[in-house]
Protein chains: 2
Amino acid sequence: MTVISNKIDEIFLLPPTEKQLFLSRFERIDVLKGTIVVSAEKIERYVYFIEEGIARAFRETDKGQRTIWFGEAGGVILSFLSFFKNQPGYESIEVLEDSVLYRISSSHLQELYNLHLPIANWGRKFAEQELLLTEQRFMDLQFRTATERYEDLIKHSPTILKRVQLGHIASYLGITQVSLSRIRSAKK
Amino acid sequence: MTVISNKIDEIFLLPPTEKQLFLSRFERIDVLKGTIVVSAEKIERYVYFIEEGIARAFRETDKGQRTIWFGEAGGVILSFLSFFKNQPGYESIEVLEDSVLYRISSSHLQELYNLHLPIANWGRKFAEQELLLTEQRFMDLQFRTATERYEDLIKHSPTILKRVQLGHIASYLGITQVSLSRIRSAKK
DNA sequence: CAATTTATTTAACAAATGATAAAAAATGAA
DNA sequence: TTCATTTTTTATCATTTGTTAAATAAATTG
């Protein structure tokens, strides 16, 4: 649980008592490659932390699946809509390799938020951090070209590039696979 | 202060004591049309709530200003990067009409977060809500065409369409003004 | 290993959007 | 109002990206 424990500390450092309380609410699950952890059809009642493995969030469209997010060890799997508003979310999330996850239920988390100030502030910092990441994605999409976004991916997430097929990468970048292939060949 | 007071309640209902404490930290400012409330150059130490008026966030690029957000009464003016990470943000924010704002300083807010559980949870809900809005923007940009985004704007924010010039709208939609003009003429 | 499936690249054409320039319309100031 | 400025629309051409289909390469399975 070390990866996740570090991740939790990184978001907001909890006093030992609260940290322990928080961790005690987590439950380990081992999932096989291809498992759909979160389904767009359903309201999801857990937040998952990735201890080991890699995950992909995607939306089903008329033109097939389109990837909206990749997560590696230390990443958090959740549907914001599901978890914050109790609605079915936009996305489904699958693991692309056999993975080890730890999850905490919505109701446990709510209870902790309502009783423990440090944990409420942890939740706030968590939301703020995810907000910054989402804003970053938005800015990239709005202000950078597909080529630049691809180069950023090479630079900042080489692991993903190596472990994930290009069709998923292309839709993540907001372009077709053909277009990505053109970008790749232009770069040589 | 009624618009803002309602907005605060909408995010998360505070007990009367905390609500009053929270409100007591706000300060009213009246700003003239064209005032730059938040500058991309600086670290901004306030969050502003719009009681009356309309605002626009934009980034300076090599091709001129590009709008990233519009806010009306009840909206919140802040740079996430500035406020959450104490860094200069991406955007500058100006008011497009004479406006009435209420602001609370970063340090006051931090203090309230650290001492009052309900306010910490208010802050969490606020971040969660802004996260959902940002995610929505991202999804729109990624999954909908410029034409659809324009139609959504007509449907959901007719006020903005009426009060803001089309150049700003176009860059908000992520297209050129020429392209927006084409979309508008195709619709007749 | 060969056979089959899946993933990736390439090519040709269509559609959408950008860039630039000019015209038309709207706005604001004297 | 009239003139000057700003905003919006229109037109033309270049560029980018999408679409479809086929070819190549890689991975998987029996």
Side-chain angles (χ1 to χ4, degrees), chain A residues 32-35 54 56 58-68 70 94-98 140-154 157-188, chain B residues 32-35 54 56 58-68 70 94-98 140-154 157-188:
Chain A
L32 295 177
K33 175 176 175 171
T35 304
I54 193 166
R56 172 180 89 99
F58 61 93
R59 279 182 84 165
E60 215 56 74
T61 74
D62 39 329
K63 296 282 168 188
Q65 296 182 350
R66 289 178 64 178
T67 298
I68 54 188
F70 294 111
E94 65 169 354
V95 296
L96 300 177
E97 300 174 354
D98 295 355
D140 286 349
L141 201 55
Q142 181 82 292
F143 291 99
R144 320 202 70 200
T145 64
T147 305
E148 288 170 337
R149 292 201 296 279
Y150 175 66
E151 282 161 359
D152 287 351
L153 195 70
I154 295 173
S157 314
T159 337
I160 283 168
L161 201 60
K162 257 171 241 137
R163 297 204 270 179
V164 172
Q165 65 197 53
L166 292 174
H168 292 158
I169 306 263
S171 68
Y172 173 81
L173 296 173
I175 56 180
T176 61
Q177 180 158 355
V178 174
S179 201
L180 175 57
S181 199
R182 275 194 284 241
I183 288 168
R184 283 162 63 85
S185 72
K187 287 216 60 186
K188 283 167 200 165
Chain B
L32 295 178
K33 174 175 176 170
T35 304
I54 193 164
R56 172 178 90 100
F58 61 93
R59 278 182 84 165
E60 215 57 74
T61 75
D62 39 330
K63 296 283 168 186
Q65 297 182 349
R66 289 177 64 179
T67 299
I68 53 187
F70 293 111
E94 65 169 354
V95 296
L96 300 177
E97 300 174 353
D98 294 355
D140 286 350
L141 201 55
Q142 180 83 295
F143 292 99
R144 320 204 70 202
T145 64
T147 306
E148 289 170 337
R149 293 200 295 280
Y150 175 65
E151 282 161 359
D152 287 353
L153 195 71
I154 295 173
S157 314
T159 336
I160 283 168
L161 201 61
K162 257 170 241 138
R163 296 205 270 178
V164 174
Q165 65 197 54
L166 291 175
H168 292 159
I169 306 263
S171 68
Y172 173 81
L173 296 173
I175 56 179
T176 60
Q177 179 159 355
V178 174
S179 202
L180 175 57
S181 200
R182 275 195 283 243
I183 289 168
R184 285 162 60 86
S185 71
K187 289 216 56 185
K188 283 168 198 161

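These figures come from a predicted structure and were not determined experimentally. Reckoned from all heavy atoms, side chains included, excluding hydrogens, waters and symmetry mates. Residue numbers begin at 1 in each chain, while the letters A, B, ... track the order of the sequences.
Relative to the side chain of A:Q165, the nucleotides C:dT20, D:dG18, C:dA7 differ in distance, and C:dA7 lies closest. With distances taken from any side-chain atom of B:Q177 to the nucleotides D:dT8, C:dA12, C:dA19, the minimum falls on D:dT8. Among the nucleotides D:dT9, D:dT19, C:dA19, the one closest to any side-chain atom of B:R184 is D:dT9. Listed candidates were C:dA7, D:dT8, D:dT17. Nearest to the side chain of B:L166 is D:dT8.
The side-chain heavy atoms of A:L161 and A:Y150, taken from C-beta on, include a pair separated by under 4.5 Å. In this structure, the side chains of A:I54 and A:T159 stay at 4.5 Å or more apart for every pair of heavy atoms. Between A:D140 and A:E148, every side-chain heavy-atom pair lies at or beyond the 4.5 Å cut-off.
Taking side-chain N and O atoms only, A:S181 has a distance below 4.0 Å to OP1 or OP2 of C:dT9. One finds a side-chain N or O of A:S185 lying less than 4.0 angstrom from the OP1 or OP2 phosphate oxygen of C:dT10. Contact annotation: B:T176 reaches the phosphate of C:dG18 (side-chain N/O to OP1 or OP2, under 4.0 Å).
A:H168 has its NE2 atom 12 Å from the C1' atom of C:dT6, to the nearest Å. For the pair A:R144 CZ and D:dT17 C1', the computed distance is 19 Å after rounding to whole Å. Per the geometry, NZ belonging to A:K162 stands 19 Å off C1' belonging to C:dT8, to the nearest Å. Whole-Å rounding puts the B:Q142 CD to D:dT17 P distance at 14 Å. When the P atom of C:dT17 is taken as reference, atom CG of B:L141 falls 12 Å away, rounded to whole Å. Atom-to-atom, CD1 of A:I183 to C1' of D:dT17 comes out at 9 Å; the value is rounded to the nearest Å. A straight line from NZ of B:K63 to P of C:dT17 spans 18 Å, rounded to a whole angstrom. Rounded to whole Å, the distance from CZ on A:R182 to P on C:dC13 is 14 Å.
Between the side chains of B:Y172 and B:R56, not a single donor N or O lies within less than 3.5 Å of an accepting N or O.
Contact annotation for A:I175: backbone-only contact, meaning every heavy-atom pair under 4.0 Å involves sugar-phosphate atoms and none involves a base.
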B:H168 and B:F58: side-chain contact (heavy atoms from CB on, under 4.5 Å), yes or no, with the steps? CA-CA 9 Å; B:H168 292 159; B:F58 61 93; over 6 Å; no
